[in-house]
Participant: 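Sharing a structure below in structure tokens format, with a few things to ask.
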Amino acid sequence: MKFLLRYALAFGALSLSPALAADVATPAPGEAAPAEQPQVPGDDIFGFTSPSDTGNVGEKSFSLESTTRFGKGNGLYVTPSVKIEFGYAIAENVWVALSPFVTNYRIRDVTGIDNLSRTRFDGLSSELIWRFLPRTPYGLAASFSLEPRWAQLDGVTGLGVNALSAEFKFYIDQVIIPDQLFAALNLNYQPGAQQANAAGSPWVSGSATNVSAGLTWQITPFLFVGAEVRYLGVFDGAYLNRTLGTALFVGPNLTVKFSEKTALNIAWTPQISGDANGVGDRLDLINFERHQLRVKFASAF
């Protein structure tokens, strides 16, 4: 995990250093600039992995995103969560959003988790994305995002809590072959703390990381298929103090664009390996699930 994070961070720092960005944006003397600046389509064409796009100034957006996590070691475990997002491009390369959440928990006969079947409002998040490296003539762009979140449900058990977190996200994407092949890399870090809904319950701090990368192929201007790999980790303490579990997810995704500004993205990533501290199983089904499925409909206007 630490090696992968260090490699990804080094790659991101190297790719986005001011000197390199200047070299990419400005052709060397005698070198011809590309005839057209290649673009990465502005929708979520990479699945769980996010692109760097922030939309045009004044553009509004609406998305309905359903993420379902299902499968534990035994029993029934299904937790679909719906995020309703309202976004606005307030300035060039700057985008903000506000999102309420609703989550359903269906848990029965899972070892270590109480049976539960209910749907509840699950808090709010806001997000600010700043694309600090606009698209270069060679198709490279990068953004930084901050998403504070207030939640009312524990992410694993579904029990009532009061939880606060902030996710720091780094997005980089690249046109590999214009109008055909695109790549993206995300580095996310999320510290937070939560308190159980019981008198005298202490605040417990924790943190999580997410390193993901995706490749997407454009079949037609309105159809994209791709695959991504995601390496997730959860930690005791807000500063990655002690590893509680890690998991590797790999899977395909599909994007259908109904118009230039409306699209549907479907991404599925099963867990192919994992490690929970103190458990010798091949997968980490204590902190994560066997499968994660996301369906997102987004429209801009």
Participant: Okay, side chain of R290, backbone of K72: is any donor-acceptor separation there less than 3.5 Å?
Facilitator: yes
Participant: At what distance, to the nearest 0.5 angstrom, does OG of S212 lie from CG of N186?
Facilitator: 4.0 Å
Participant: Between atom CZ of R120 and atom CG of L153, what is the distance when rounded to the nearest 0.5 Å?
Facilitator: 5.0 Å
Participant: Has E92 got more than 12 heavy atoms of other residues, nucleotides or ligands less than 6.0 Å from its CD?
Facilitator: no
Participant: Parallel, tilted or perpendicular, judged at 30° and 60°: which one describes the rings of H291 and F70?
Facilitator: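 Ring orientation, 0 to 90° scale: parallel.
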Participant: Does a donor on one side chain and an acceptor on the other come within less than 3.5 Å for S117 and R106?
Facilitator: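 The criterion, which ignores hydrogens and geometry beyond distance, is not satisfied for R106 and S117.
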Participant: Roughly how far, to the nearest 0.5 Å, is the CG atom of L128 from the OG atom of S143?
Facilitator: 10.5 Å
Participant: Is it the case that R118 and N104 place a side-chain donor and acceptor less than 3.5 Å from each other?
Facilitator: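 Looking only at side-chain atoms, N104 and R118 do not form any donor-acceptor pair under 3.5 Å.
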Participant: Does a side chain donor of either T246 or D275 reach within less than 3.5 Å of an acceptor in the other side chain?
Facilitator: no
Participant: Identify the two heavy atoms, one from F86 and one from P100, that lie closest to each other, and give their separation to 0.1 Å.
Facilitator: CE1-CD, 4.4 Å
Participant: Where is the tightest heavy-atom contact between D236 and S205, given as atom of each residue plus distance?
Facilitator: OD1-O, 3.8 Å
Participant: Which heavy atom of G139 sits nearest a heavy atom of R135, and at what distance?
Facilitator: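 Scanning both residues, the minimum pair turns out to be O-NH1, 2.9 Å.
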Participant: Would T269 and R230 count as having a side-chain donor-acceptor pair, cut-off 3.5 Å?
Facilitator: yes
Participant: Just checking, is any N or O donor in the side chain of E228 or T49 under 3.5 Å from an acceptor N or O on the other one?
Facilitator: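 Checked: E228/T49 side chains pair up, N/O donor to acceptor below 3.5 Å.
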Participant: Does a donor on one side chain sit under 3.5 Å from an acceptor on the other, for D122 and Q152?
Facilitator: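 No pair is found: no donor N or O on one side chain lies under 3.5 Å from an acceptor on the other.
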Participant: Please walk me through it: do N253 and N265 pass side-chain contact (heavy atoms from CB on, under 4.5 Å)?
Facilitator: CA-CA 7 Å; N253 59 80; N265 176 264; 4.3 Å; yes
Participant: Check whether more than 12 heavy atoms from other residues, nucleotides or ligands sit under 6.0 Å from atom CZ of R108, and answer yes or no.
Facilitator: no
Participant: Heavy-atom count check: over 12 atoms from other residues, nucleotides or ligands less than 6.0 Å from W130 CH2?
Facilitator: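 Counting other residues, nucleotides and ligands, CH2 of W130 stays at 12 neighbours or fewer.
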Participant: N162 and Q194: side-chain donor and acceptor closer than 3.5 Å?
Facilitator: no
Participant: If you draw the axis of the six-membered ring of F144, does the NZ or CZ of R131 fall within 45° of it and under 6.0 Å from the ring centre?
Facilitator: no
Participant: Would you compute the distance between atom CZ of F62 and atom CZ of F297 and round it to the nearest 0.5 angstrom?
Facilitator: 7.5 Å
Participant: Can you tell me which residue among L293, V78, T79 is in a side-chain contact (heavy atoms from CB on, under 4.5 Å) with R69?
Facilitator: T79
Participant: Does the pair E147/K83 count as a salt bridge with the N-to-O cut at 4.0 Å?
Facilitator: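 The answer is yes: the pair qualifies as a salt bridge.
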Participant: The criterion is side-chain contact (heavy atoms from CB on, under 4.5 Å); which residues satisfy it with D284, sequence neighbours excluded?
Facilitator: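 In terms of side-chain contact (heavy atoms from CB on, under 4.5 Å), with neighbours along the sequence ignored, D284 is linked to Q271, A276, I286, N287, F288.
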Participant: Considering residues, nucleotides and ligands other than Y239, do more than 12 of their heavy atoms fall under 6.0 Å from its OH?
Facilitator: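 Counting other residues, nucleotides and ligands, OH of Y239 stays at 12 neighbours or fewer.
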Participant: If you measure from CG on D44 to NZ on K296, what distance do you get to the nearest 0.5 Å?
Facilitator: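 The CG atom of D44 sits 3.5 Å away from the NZ atom of K296.
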Participant: Hey, could you give me the CD/OG distance between E127 and S145, rounded to the nearest 0.5 Å?
Facilitator: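 If we round to the nearest 0.5 Å, E127:CD and S145:OG are 3.5 Å apart.
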